Number of protein chains: 2
Amino acid sequence: MSIKIHDCKDELREVDLRATPARVAVMSFLEKTEKPVDVNSVIDYLNTNGIKTNPATVFRMMNTLTQKGIIMPIQFYEGKTRYELSNKDDHHHLVCENCGKIEDISDGIIPNLEKEIRAKRKFKVLRHSLEFLGLCKTCQH
Amino acid sequence: MSIKIHDCKDELREVDLRATPARVAVMSFLEKTEKPVDVNSVIDYLNTNGIKTNPATVFRMMNTLTQKGIIMPIQFYEGKTRYELSNKDDHHHLVCENCGKIEDISDGIIPNLEKEIRAKRKFKVLRHSLEFLGLCKTCQH
DNA sequence: ATGGTTGCAAACACTTTGCACATGA
DNA sequence: TCATGTGCAAAGTGTTTGCAACCAT
């Protein structure tokens, strides 16, 4: 017999959300993509996979999943919001402003910095954004 | 005789921009505000100071000043862009998600991190964003 | 059965653009 | 003078909302 290592439906129900087809599809989309996705790419994915949906619904889904802590919003100065699963280890992004490639970078300094901020400034950090914008290896000429 | 320590007009002309009343006012507004400003607050400031202007003009100004490297855009997940003078020493922000207060925080780790990224990943960092969102001292109860 | 979800249409907020007019250098 | 900057109107893009119909539990 097989043990399900992972099931999007359970994941959703654990946070009191109904496992609708669109939500399940969004979850598996997020799991298979490397880089943070925007709402348009989610809509494209759903359409491609035979799930008819409406932009308003997708925006609502992303907001709901964000509130539940399943995904995290992220912005790269593009005038829109991207999202990624929040159950990743602490990492940040290298965003190429020429070709749009997004690389991950992990680093351990932020947790320490947050502790320091808490101690010295009495500010309770709930989330942070650390992104580097520039030129990737191949776009530097 | 007095030596002008600082003149917004000269600052603008140095980057080949004409010193129009609106631009000069925006520069002095940016110099006197502590926290990054959004376009609406710029418009309010201009109106309050007797300078009639149009939103499109302000958006154009902010874009122009950004391209010239005089100001820097910054986003706090509010769905809009803020701006601040770029001739500040390296600093980041603590943004209270309850009352909106924005505190500055300076720190020296980023330059080192950028050097490391350049060396190890061959990624050329042009700019970065490091913001902490959470609750300020008084909003934690 | 019924409350959470969705679709649709409309509205919002932010931002950009084309073009004629105005103005700083 | 004349290239640069501005005002105005219109449009573009991302996002939210009200409400009726729908569907997962």
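As the structure is a computational prediction, the values presented were derived from the model and not from experiment. Chain naming here is simple, since letters A, B, ... match the order of the sequence lines and numbering starts at 1 in each.
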Report the distance from atom [atom1] of [X] to atom [atom2] of [N], rounded to the nearest whole Å.
{"X": "A/Leu46", "N": "C/dT6", "atom1": "CG", "atom2": "P", "answer": "10 Å"}
{"X": "A/Asn63", "N": "C/dT5", "atom1": "CG", "atom2": "P", "answer": "13 Å"}
{"X": "A/Gln75", "N": "D/dT15", "atom1": "CD", "atom2": "C1'", "answer": "12 Å"}
{"X": "B/Met61", "N": "D/dT4", "atom1": "CE", "atom2": "C1'", "answer": "14 Å"}
{"X": "A/Ile43", "N": "C/dG7", "atom1": "CD1", "atom2": "P", "answer": "11 Å"}
{"X": "B/Arg82", "N": "C/dT15", "atom1": "CZ", "atom2": "C1'", "answer": "16 Å"}
{"X": "A/Tyr77", "N": "C/dC14", "atom1": "OH", "atom2": "P", "answer": "17 Å"}
{"X": "B/Asp16", "N": "D/dC2", "atom1": "CG", "atom2": "P", "answer": "20 Å"}

Can you tell which of [options] lies closest to the side chain of [X]?
{"X": "A/Ala56", "options": "D/dT16, D/dC23, D/dT6", "value": "D/dT16"}
{"X": "A/Asn54", "options": "D/dT16, D/dG7, C/dG7", "value": "C/dG7"}
{"X": "A/Phe59", "options": "D/dT4, D/dG14, D/dC8", "value": "D/dG14"}
{"X": "B/Val39", "options": "C/dT6, C/dT15, C/dG3", "value": "C/dT15"}
{"X": "A/Arg60", "options": "D/dT17, C/dC19, D/dT16", "value": "D/dT17"}
{"X": "B/Lys52", "options": "C/dT6, D/dC8, D/dT25", "value": "D/dC8"}

Heavy-atom check, side chain of B/Glu84 versus side chain of B/Leu30, under 4.5 Å: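 A side-chain contact under 4.5 Å is absent here.
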Within the structure shown, what part of the strands sits under 4.0 Å from [X] by heavy-atom distance: base, sugar-phosphate, or nothing?
{"X": "A/Thr64", "value": "nothing"}
{"X": "A/Ala19", "value": "sugar-phosphate"}
{"X": "B/Arg13", "value": "sugar-phosphate"}
{"X": "A/Asn40", "value": "sugar-phosphate"}
{"X": "A/Asp38", "value": "nothing"}
{"X": "A/Thr53", "value": "sugar-phosphate"}
{"X": "A/Arg23", "value": "sugar-phosphate"}

At less than 4.0 Å, is any side-chain N or O atom of [X] found next to OP1 or OP2 of [N]? Yes or no.
{"X": "A/Thr57", "N": "C/dT5", "result": "no"}
{"X": "A/Thr81", "N": "D/dG14", "result": "no"}
{"X": "A/Thr20", "N": "C/dT6", "result": "yes"}

Between B/His92 and B/His128, ring centroids under 6.0 Å: yes
Centroid separation B/His93 to B/Phe76 less than 6.0 Å: yes
Polar side-chain atom of A/Lys68 near backbone of A/Val15 as donor-acceptor pair, under 3.5 Å: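 A pair under 3.5 Å: yes.
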Neighbour count above 12 (heavy atom, 6.0 Å) for A/Lys120 NZ: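 Counting neighbours around NZ of A/Lys120, 12 or fewer heavy atoms of other residues, nucleotides or ligands fall under 6.0 Å, so no.
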B/Pro21 or B/Lys80, whichever maps to the more 5' nucleotide of DNA chain C: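 Comparing both residues, the 5'-ward one is B/Lys80.
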Side-chain donor/acceptor of B/Arg18 to base of D/dT4, under 3.5 Å: yes
Nearest-0.5 Å distance, OG of residue B/Ser129 to OH of residue A/Tyr77: 4.5 Å
